[in-house]
Amino acid sequence: MAPPEDGAVGFIGAGRVGQALSRAFARAGIAVTAVASRSRGSAEAFAAQIPACRVFDQPQAVLDSANTIFLSVPDDAVASVAASLRWRPGMAAVHCSGASELSVLAAVRAAGAQVGSFHPLLMFADPEVAAAALPGCAIALEAEGPLLHRLEAMVSAIGAQTLRVPPGARAAYHAASHYGAAFLCVLLAEGMKIFDAAGMSGDLPRKALLSLARGTLDTLEHNDPARAMAGVYARGDSGTAARHLLALEGVSPEIAALYRTLALRSVALAQEAKRIDRESADSLRKLLQANENRGAA
Ligand SMILES: NC(=O)c1ccc[n+]([C@@H]2O[C@H](COP(=O)([O-])OP(=O)(O)OC[C@H]3O[C@@H](n4cnc5c(N)ncnc54)[C@H](OP(=O)(O)O)[C@@H]3O)[C@@H](O)[C@H]2O)c1
């Protein structure tokens, strides 16, 4: 077999991230030449969107067709997949996991190849939607030397921004990123449940909440969170807070508990930014903690 062309990229793992990233790379003129996955069906679906990409049943064959190999497999499979392959100096293995350190690629490094991580700060569901959203999103990179430069060039080729994660900080970085994605979904799901319990079901209340969230995100583009925050806790309005608690305790103890936790964090944020004085903050805390004790009794 002819040696892989310089800069050719291969993928092992043809799931949501692999399919979206490969489309964005191919559209940016980066050669994606090979793919293998656990099932041939996923690899074929991947390759159907990428001109000149070959499908292999054996992951090792991907290493013969490309120099930079993306291991876009679930986090728990990265180390074992990497260790099962024969790497050569001059090649690079790149994982896409947000929380895993580069040490999961120890077997690759031991074989004299380079190791890196390429983690897009994006929720991947539909591959086409994600591929279209990649330009403009941030991608956290970790690598050294020539591989770092190569990955930086790939980030910029797809129109994204590079974010550097210091070694050893990946778990904290990944935890923080949940506040902009998974936890945001949880918060909106809670709001929708409360609407539902209040007898406001259907599409309109859901859309109203989404439009409110969009407006908040727009405001946060130009203001820090403590300044952007509006509502009861930014105003120190304890009478309304008491009515919220009464209403939510009637919905469910879990919903009231999360509300109390978020409300206490809101009081702290408002006080730090001097939006409310100490006296208002203390009276809100007392109210929120009193209700907490009542919920547990
Ligand atoms: N989803 C996100 O929003 C997101 C965002 C940023 C980063 N990431 C990271 O990206 C990586 C991939 O996540 P994903 O969401 O794309 O997962 P996914 O949709 O579950 O895809 C994983 C793919 O890996 C394949 N696979 C599983 N075990 C394998 C093995 N032993 N050998 C070869 N292929 C194997 C699966 O195979 P088959 O389909 O062939 O069965 C599947 O195609 C993870 O490290 C994740 O943390 C995910």
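For ligands, and for the atoms within them, numbers begin at 1 and follow the listed sequence. Everything quoted here is computed from the prediction, not taken from an experiment.
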Per-atom contacts, ligand 1 versus Pro120 - under 4.0 Å to a heavy atom: 6 (C)

Please work out whether any backbone atom (N, CA, C, O) or any side-chain heavy atom from C-beta onward of Arg16 is under 4.0 Å from ligand 1, and answer side chain, backbone, both or neither. both

Near Ser72, which atoms of ligand 1 are under 4.0 Å from a heavy atom of that residue? 12 (C), 22 (C), 23 (C), 24 (O)

When you measure from atom 34 (N) of ligand 1 to every protein heavy atom, which one gives the shortest distance, and what is it? Arg38 N, 3.2 Å

Of all heavy-atom pairs linking Glu249 and Ala256, the shortest is CG-CB, 4.0 Å

Taking atom 9 (C) of ligand 1 as the reference point, the nearest protein heavy atom with its distance: Cys96 O, 3.2 Å

How far is atom 38 (P) of ligand 1 from its nearest protein heavy atom, and which residue and atom name does that atom have? Ser42 OG, 3.3 Å

Below 3.5 Å, N or O to N or O, backbone or side chain included: is there any such pair between Val73 and ligand 1? yes

May I ask you to list the atoms of ligand 1 that are less than 4.0 angstrom from any heavy atom of Leu122? 3 (O), 5 (C)

Heavy-atom count check: over 12 atoms from other residues, nucleotides or ligands less than 6.0 Å from Met123 CE? no

Tell me which protein heavy atom sits closest to atom 31 (N) of ligand 1, plus the residue, atom name and distance to 0.1 Å. Val81 CG2, 3.6 Å

For atom 46 (C) of ligand 1, what's the nearest protein heavy-atom neighbour? Residue, atom name and distance, please. Asp75 OD1, 3.4 Å

What residue and atom, counting heavy atoms only, is the protein's closest point to atom 27 (C) of ligand 1, and at what distance? Pro74 CD, 3.4 Å

Under a 4.0 Å N-O cut-off, is there an ion pair linking Asp64 with Arg88? yes

Leu264 vs Tyr233 side-chain heavy atoms within contact, under 4.5 Å: no

Electrostatic pair Glu142:Arg164 at N-O distance under 4.0 angstrom: no

Flag Val17 as yes when one of its N or O atoms lies below 3.5 Å from any N or O atom of ligand 1, and as no otherwise. yes

If you have a sec, work out which protein heavy atom is nearest atom 43 (O) of ligand 1 and how many Å separate them, to one decimal? Gly15 N, 3.0 Å

What do you reckon, does Val78 have a nitrogen or oxygen under 3.5 Å from a nitrogen or oxygen of ligand 1? no

Rounded distance (nearest 0.5 Å) linking atom CE of Met229 with atom CG of Asn223: 12.5 Å

Under 4.0 Å between a Lys/Arg side-chain N and an Asp/Glu carboxylate O for Glu254 and Lys193? no

Pairwise side-chain contact, Ser100 with His95, heavy-atom cut-off 4.5 Å (strictly under): yes

If I apply the N/O under 3.5 Å rule, does Phe124 come out as touching ligand 1? yes

Residue pair Trp87 / Leu63, side-chain heavy-atom distance below 4.5 Å: yes

Got more than 12 heavy atoms from elsewhere within 6.0 Å of CD, Gln161? no

Classify the ring geometry between Phe25 and Phe11 as parallel (under 30°), tilted (30 to 60°) or perpendicular (over 60°). tilted

Whether Arg206 and Asp203 form a salt bridge (side-chain N of Lys/Arg under 4.0 Å from carboxylate O of Asp/Glu) is what I want to check. yes

Which of the numbered atoms in ligand 1 are below 4.0 angstrom from a heavy atom of Met123? 3 (O)

A student checking ligand 1 against Ser97 at a 4.0 Å heavy-atom cut-off should list atoms 45 (O), 47 (O)

Quick check: His119 and ligand 1, any N/O pair under 3.5 Å apart? no

In the protein, what heavy atom is nearest to atom 37 (O) of ligand 1, and what distance, to one decimal place, separates them? Ser37 OG, 3.3 Å

